[in-house]
Participant: 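Can you read through this structure? Questions will come right after.
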Amino acid sequence: MTLKMIGCSHHDAAVEIREQLSLTENEISRTFELFGQRFAGAELVLLSTCNRVEMYAAGGNSPALQSDDLINLVADCLNQSRDFVANHMIVREGREAVEHLFLVAASLDSMVVGEAQILSQVKQSYDLANDADRTGPITHSVFQAANRTAKRVQTETSIHRRRLSVPSVAIGEVVPEVFNRLQGKRVVLCGAGEMAEETLRYLKNGGANNLCVVNRSLDRAQKLSEEFGADAESMDSLHDQIVQADLLIGTTSAEEPIVDASTFAALNAKRGGRIMLVLDLAVPRDFDPVIGDEPGVYLYQIDDLQAACNRNRREREKQWPKAKKIIDEEVDGFFQSLQQRATGPVIRRLRERADKVKSEELQRLFGKLNGSTDTAMQKEIEKSFDRLTNKLLHPPMASLRDDAADGHSRGLLEALRHLFNLGEDS
């Protein structure tokens with residue numbers, strides 16, 4: 001069986017194209033249903049994220065599942081023209097499809113190489129297909145192998161351990177240098193935009209449980225705080241919040257600092273000498289850089305954090321060859337395993353059939369010789385028969401293994417079954 005894949009991603013399709021090809025939950029269910037009706041016994045896994053839409057299919061009863069069948073399926077399920085789907089979705093088969101899936105699962109094909117979310121999305125896609133009874137031996141094997149490959153890349157390289165966004169560096173690398181833990185620390189986040197939302201996500205994942213969002217628009221602060229279990233305050237309360245804060249973060253779009261240096265100095269004096277970490281993620285900056293000279297205050301600005309992001313990106317790039325080598329090893333191992341499972345029974349039956357014929361002919365020959373040969377001569381005759389059998393079997397066995405490595409593209413497996421009457425149960 002050959003794994004077939006059609007899909008598009010941020011590499012080859014603009015976001016407006018991916019939006020038209022993305023699959024909602026209802027459309028995924030409809031696709032599974034229609035696929036099952038059209039291709040009895042075939043397998044299908046759908047992966048649909050903001051950056052990619054991909055279909056992995058295999059197997060099925062006659063006639064064999066073709067790439068055009070998948071293109072037509074997508075067109076019908078999304079009410080798109082067939083030409084539109086064909087023009088924007090790339091077709092991959094066999095080894096190319098398997099290698100692509102492994103790259104995707106290991107986050108080597110992601111927009112941000114090394115991001116952790118894609119592996120869980122691949123797992124969820126397989127689980128969804130499994131729940132819909134659309135998986136089978138091929139998809140099970142290849143998705144299990146993809147999961148194993150991704151974990152090897154995670155553990156054997158540092159490509160996933162290098163943070164690339166400013167908030168991830170700030171919370172994941174800078175905060176631990178000042179605080180052993182975020183739990184119990186008062187975190188005051190100024191702003192409620194996209195940067196604030198991403199920062200809150202890292203804070204929650206890092207264990208922060210005493211959060212406060214301060215924003216000029218209280219409504220926006222409340223909406224964000226409800227999502228992350230934080231307090232919400234207007235900018236009027238900023239001074240009081242600074243006095244309480246252990247970690248102060250700026251993400252606003254203000255054109256001037258939201259608190260001047262002299263005011264901050266007065267507020268810091270009320271804090272009783274407690275350590276404060278200030279992360280200024282805003283452009284323009286939310287805090288005057290001179291506040292970093294205040295006693296007990298550690299200030300990190302956007303340029304410091306961006307420099308760390310750039311260093312991390314360079315380190316990830318250094319890890320790419322090592323990660324790609326793991327992918328190549330796993331792809332080779334997958335096809336070797338697939339080849340053994342597919343060809344092993346046929347080769348065993350072929351060998352058994354040849355040994356049976358050889359034994360029968362030896363018995364017939366020795367019977368006709370009627371004891372006229374000694375033991376040494378009989379052994380030489382047996383060796384000659386063994387060599388003859390092996391030489392006759394070697395070409396078809398070698399061709400069968402090569403054909404299996406190519407995804408059984410030449411149909412030698414079925415041909416050998418019929419030629420030597422080996423039976424389907426082999």
Side-chain angles (χ1 to χ4, degrees), residues 163-179 182 185-204 206 208 210-225 227-228 230-311:
R163 299 173 176 87
L164 296 186
S165 73
V166 168
S168 68
V169 168
I171 307 306
E173 298 185 16
V174 175
V175 169
E177 293 180 3
V178 180
F179 300 120
L182 276 172
K185 300 298 182 184
R186 180 63 170 177
V187 181
V188 176
L189 180 77
C190 304
E194 291 182 5
M195 180 74 80
E197 184 174 353
E198 182 182 358
T199 304
L200 280 168
R201 187 167 289 109
Y202 285 112
L203 286 166
K204 291 294 288 187
N210 188 4
L211 294 159
C212 178
V213 178
V214 179
N215 194 51
R216 284 191 169 84
S217 168
L218 183 58
D219 288 344
R220 174 59 185 161
Q222 289 173 335
K223 182 179 180 181
L224 199 59
S225 64
E227 182 179 352
F228 291 94
D231 300 330
E233 298 287 345
S234 68
M235 197 62 75
D236 294 337
S237 69
L238 177 60
H239 292 180
D240 291 336
Q241 294 301 326
I242 288 176
V243 173
Q244 300 175 41
D246 298 297
L247 172 57
L248 177 64
I249 305 174
T251 68
T252 78
S253 56
E255 296 182 2
E256 299 290 337
I258 57 178
V259 57
D260 59 51
S262 59
T263 301
F264 185 91
L267 296 171
N268 190 46
K270 298 179 182 180
R271 301 183 65 258
R274 292 175 13 250
I275 289 175
M276 174 187 275
L277 172 61
V278 181
L279 301 174
D280 195 344
L281 313 185
V283 180
R285 292 174 292 187
D286 276 342
F287 306 109
D288 192 313
V290 301
I291 71 171
D293 297 330
E294 286 290 315
V297 175
Y298 296 88
L299 171 66
Y300 287 80
Q301 299 177 87
I302 187 72
D303 286 349
D304 304 321
L305 300 167
Q306 189 61 59
C309 290
N310 293 337
R311 287 196 301 272

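Below, each value reflects all heavy atoms present in this structure, side chains not excepted, and no hydrogens, waters or symmetry copies.
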Participant: Once you round to the nearest 0.5 Å, how far does CD1 of I242 lie from CD1 of I258?
Facilitator: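 Those atoms lie 6.5 Å apart.
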
Participant: Taking all non-hydrogen atoms of both residues into account, name the closest pair between P295 and N268 and its distance.
Facilitator: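 Nearest heavy atoms, P295 then N268: O-ND2, 3.2 Å.
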
Participant: Could you grab the distance from atom OG1 of T252 to atom CE of M235, nearest 0.5 Å is fine?
Facilitator: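 Going from OG1 on T252 over to CE on M235, the span is 6.0 Å.
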
Participant: With a 4.5 Å limit on heavy-atom distance, are the side chains of Q244 and V188 in contact?
Facilitator: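 In short, these two side chains do not touch, never coming nearer than 4.5 Å.
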
Participant: Considering only NZ, NE, NH1 and NH2 on the basic side and carboxylate oxygens on the acidic side, decide whether R201 and E197 come within less than 4.0 Å.
Facilitator: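 Salt bridge between R201 and E197, a charged N being under 4.0 Å from a carboxylate O: yes.
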
Participant: For residues I302 and L281, report the shortest heavy-atom separation together with the two atoms involved.
Facilitator: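 Looks like CD1-O, 3.6 Å.
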
Participant: Is D280 reaching over with its side chain to a backbone N or O of F287, donor-acceptor style, under 3.5 angstrom?
Facilitator: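 The answer is yes, because a donor-acceptor pair under 3.5 Å joins these two groups.
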
Participant: Enter the distance from L224:CG to D219:CG here, rounded to the nearest 0.5 Å.
Facilitator: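 So the gap between those two atoms works out to 12.5 Å.
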
Participant: Treating D286 as the side-chain partner and T251 as the backbone partner, does any N or O pair qualify as donor plus acceptor under 3.5 Å?
Facilitator: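 Judged by distance alone, yes, a pair lies under 3.5 Å.
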
Participant: Could you go step by step and tell me if Y202 and V175 meet the side-chain contact (heavy atoms from CB on, under 4.5 Å) rule?
Facilitator: CA-CA 11 Å; Y202 285 112; V175 169; over 6 Å; no

Participant: Less than 4.5 Å apart, side chain to side chain, heavy atoms only: is that true for F228 and L189?
Facilitator: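 Answer no - side chains too far apart.
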
Participant: Do Y300 and E177 have side-chain N/O donor and acceptor atoms under 3.5 Å apart?
Facilitator: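 Yes.
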
Participant: In chain order, what residues pass the salt bridge (charged side-chain N to carboxylate O under 4.0 Å, His left out) check against R186, with sequence neighbours excluded?
Facilitator: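 Testing R186 for salt bridge (charged side-chain N to carboxylate O under 4.0 Å, His left out), a comparison that skips the adjacent residues, returns D231.
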
Participant: To the nearest 0.5 angstrom, please state how far the CG atom of L267 sits from the CD atom of Q241.
Facilitator: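 Spacing of CG (L267) from CD (Q241) equals 11.5 Å.
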
Participant: Less than 4.5 Å apart, any side-chain heavy atom of S225 and any of L211?
Facilitator: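 Contact flag for S225/L211 side chains = no.
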
Participant: On a heavy-atom basis, which atom in A230 and which in C212 lie closest, and how many Å separate them?
Facilitator: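 Scanning both residues, the minimum pair turns out to be CB-N, 4.4 Å.
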
Participant: Do you know the tightest heavy-atom contact between P257 and D288?
Facilitator: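 Of all heavy-atom pairs spanning P257 and D288, the closest is CB-N, 4.3 Å.
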
Participant: Can you tell me how far the CZ atom of R285 sits from the CG atom of D303, to the nearest 0.5 Å?
Facilitator: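 Taking CZ in R285 and CG in D303, the distance rounds to 7.5 Å.
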
Participant: Side-chain contact, heavy-atom cut-off 4.5 Å: L247 with L279?
Facilitator: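 L247 vs L279: side chains touch.
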
Participant: Sorted by first residue and then second, give each salt bridge (Lys or Arg N to Asp or Glu O under 4.0 Å) pair with at least one member in residues 259-275; sequence neighbours left out.
Facilitator: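 Of all non-adjacent pairs touching residues 259-275, those that pass salt bridge (Lys or Arg N to Asp or Glu O under 4.0 Å) are D246-R274.
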
Participant: Flag yes if more than 12 heavy atoms outside Y298 fall under 6.0 Å of its OH atom; otherwise flag no.
Facilitator: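 No, the 6.0 Å shell around OH holds no more than 12 heavy atoms from other groups.
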
Participant: Hey, are the side chains of L200 and V213 touching, using non-hydrogen atoms and a 4.5 Å cut-off?
Facilitator: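 Heavy-atom side-chain distance check passes, below 4.5 Å.
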
Participant: Is the closest side-chain heavy-atom distance between I249 and I171 below 4.5 Å?
Facilitator: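 Contact flag for I249/I171 side chains = yes.
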
Participant: Can you see which heavy atom on G193 is nearest to which on R220, and at what distance?
Facilitator: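 Shortest heavy-atom separation between G193 and R220 comes out as O-NH2, 4.3 Å.
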
Participant: For the atom pair CE (M276) and CG (L299), what is the distance rounded to the nearest 0.5 Å?
Facilitator: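 These two atoms lie 11.0 Å from each other.
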
Participant: Looking only at heavy atoms, which two atoms of A261 and V290 are closest? And how far apart?
Facilitator: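 So the two residues come closest at CB-CG2, 3.3 Å.
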
